[in-house]
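See below for the structure under consideration.
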Amino acid sequence: MTEIAQPLESSLRLTRRALVGSLALGAGGLLTGCDALNANQRFRDTLRLAETGNMAVHRLMGGRSGLAREYSPRDIGHAFPANGTRMPDDPVYQREAATAFADWTLAIDGLVERPTRFALGQIRAMPRQTQITRHDCVEGWSAIGKWTGVNLSYLLDQVGLRDSARYLVFHCADTLRAGPYYESIDMVDARHPQSMIAWALNDALLPVGNGAPLRLRVERQLGYKHAKYVRRIEAVADYRLAYGGGGGYWEDAAGYEWYAGI
Ligand SMILES: Nc1nc2c(c(=O)[nH]1)N[C@H]1C(S)=C(S)[C@@H](COP(=O)(O)O)O[C@H]1N2
Ligand SMILES: [Mo]
C-alpha cells in the first residue's frame with residue numbers, strides 16, 4: 001500500500017517545490033507562457049524528475065485540484081445519453097427499481113472509523129451540490145448535464161476516513177461481460193470540491209439509464225470513471241488488491257488508464 005503510493009506522492013511534492021522555485025526565478029517566463037517555460041532548463045529537468053505519467057504532469061501543473069469548467073443552463077442538451085449499462089440485469093436491482101429504490105442503501109466501509117449504511121432518503125436530505133458540466137466518453141461523445149447530489153468529501157466526513165485509506169473503490173449493481181462494474185479514485189479526486197454522489201440529473205431524479213439511484217461524478221476524469229448504480233464505497237489502502245487489480249472494470253477488461261484526467 002504505502003510502499004506503492006508514497007514514492008510518487010513525495011516526489012511530486014518535491015517537484016512542485018522545485019517548479020515554484022523555477023517560476024519565481026523568471027517572472028518573465030510566466031508571462032510569456034509555455035514556450036518560455038519549456039526553454040527553461042530547470043523546468044524541463046523538473047518535468048523529467050516528475051515522471052511523465054498523465055497524473056504526474058496533471059498534478060504538477062496544478063490541474064488536479066482545479067475545477068472542471070461549469071456551463072450555463074442554456075448549454076444543457078435535450079437528453080443526456082445513457083452509455084454502458086442502461087438497466088442492470090441483477091434481479092435484486094430490478095426489484096429495487098420497481099419500488100423507486102425505497103429500500104436502497106449506500107454502504108461506506110473499509111478503512112473508515114464508522115462503517116455506515118445510509119438510506120437513500122438520508123443521502124437526499126444531506127446538503128446539496130449542483131453543477132453543470134461536460135461529460136466526455138472515450139467512445140467519442142460528450143454531453144452537458146446538470147448534476148445534483150451530495151459532496152463526496154462531506155459524505156466521507158460522516159464516516160471518518162482512517163489515515164491508511166488512500167483510495168475509494170466504488171462497487172456497482174451491474175455486471176457486464178467481464179464481471180461486476182467497479183471503479184476507484186485516489187484522495188485527490190475524492191476530496192475534489194466537484195466530486196459528488198449524484199442522485200439527480202437535469203432537475204429530475206436520476207434515470208435508471210444514467211445510474212439510478214446513485215452515481216459518482218468525478219468531473220476531472222473521463223466518463224468511465226463515473227461509476228453508476230453505486231451500492232458501496234470501500235476505503236482501501238491499495239486498489240490493486242480489488243477485483244482484477246486495474247482499479248476499474250474497463251481498466252481490467254480493456255487496459256484503459258486508471259487515471260483518466262481531462
Ligand atoms: N456501473 C456502471 N457505471 C458506468 C458504466 C457502466 O456501464 N456501468 N459506463 C461508464 C461509461 S463508459 C460512461 S461514458 C458513463 C456513462 O454515463 P451515462 O450512462 O450517464 O451517459 O458511465 C460510466 N459508468
Ligand atoms: Mo464512456
Side-chain angles (χ1 to χ4, degrees), residues 54 68 71 75-94 96-97 101 104-108 120 123 129-150 152 167-185 189-190 192 194-234 239 242-244 246-262:
N54 184 15
Y71 293 78
D75 301 316
I76 298 172
H78 285 301
F80 199 92
N83 195 45
T85 302
R86 292 179 172 81
M87 166 57 91
D89 47 25
D90 173 20
V92 175
Y93 176 90
Q94 294 188 357
E96 289 168 303
F101 304 103
W104 188 273
T105 58
L106 172 66
I108 308 185
L120 188 54
I123 302 275
Q129 171 169 329
T130 289
Q131 61 214 24
I132 302 174
T133 53
R134 194 184 71 195
H135 178 101
D136 296 308
C137 172
V138 280
E139 291 163 35
W141 58 270
S142 298
I144 292 174
K146 177 181 182 183
W147 302 98
T148 299
V150 58
L152 183 53
Y167 302 96
L168 300 179
V169 176
F170 296 82
H171 300 269
C172 305
D174 57 324
T175 298
L176 284 80
R177 196 183 307 251
Y181 204 94
Y182 79 101
E183 259 304 339
S184 63
I185 61 176
D189 275 315
H192 185 283
Q194 289 169 317
S195 293
M196 67 154 86
I197 294 297
W199 47 263
L201 169 60
N202 295 340
D203 296 316
L205 288 180
L206 199 56
V208 165
N210 302 107
L214 299 173
R215 67 102 48 92
L216 172 66
R217 293 301 305 170
V218 53
E219 304 290 357
R220 297 303 312 277
Q221 295 210 51
L222 288 171
Y224 61 88
K225 301 296 292 187
H226 300 233
K228 307 195 283 188
Y229 318 110
V230 176
R231 274 196 191 287
R232 177 179 173 219
I233 303 174
E234 184 188 10
Y239 69 79
Y243 297 89
Y249 176 85
W250 286 114
E251 291 88 329
D252 288 340
Y256 285 14
E257 294 282 338
W258 174 76
Y259 183 69
I262 47 176

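The structure displayed is predicted, hence computed values, not measured ones. Both counts, for ligands and for their atoms, begin at 1 and track the order of listing.
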query = Among side-chain atoms of T148 and W199, is any donor-acceptor pair under 3.5 angstrom?
reply =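 Looking only at side-chain atoms, W199 and T148 do not form any donor-acceptor pair under 3.5 Å.
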inquiry  = Is it the case that the side chains of Q131 and Q129 hold a donor-acceptor pair, with the cut-off being a distance below 3.5 Å and no angle test?
reply    =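 Their side chains do contain a donor-acceptor pair, which is all the 3.5 Å distance test asks for.
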request  = Could you pull out every protein residue that has a heavy atom closer than 4.0 Å to ligand 1, ordered by chain and then number?
outcome  =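 For ligand 1, the residues that come within the 4.0 Å heavy-atom cutoff are F80, P81, A82, N83, G84, T85, H135, C137, W141, C172, D174, Y181, G209, N210, R215, G223, Y224, H226, A227, K228, Y229.
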I233 side chain reached by V169 side chain, heavy atoms, under 4.5 Å = no
What residues, two or more places apart in sequence or in another chain, satisfy ring pair (Phe, Tyr, Trp, His ring centres under 6.0 Å) together with [X]?
{"X": "F101", "result": "Y93, W104"}
{"X": "Y249", "result": "Y181"}
{"X": "W147", "result": "F80"}

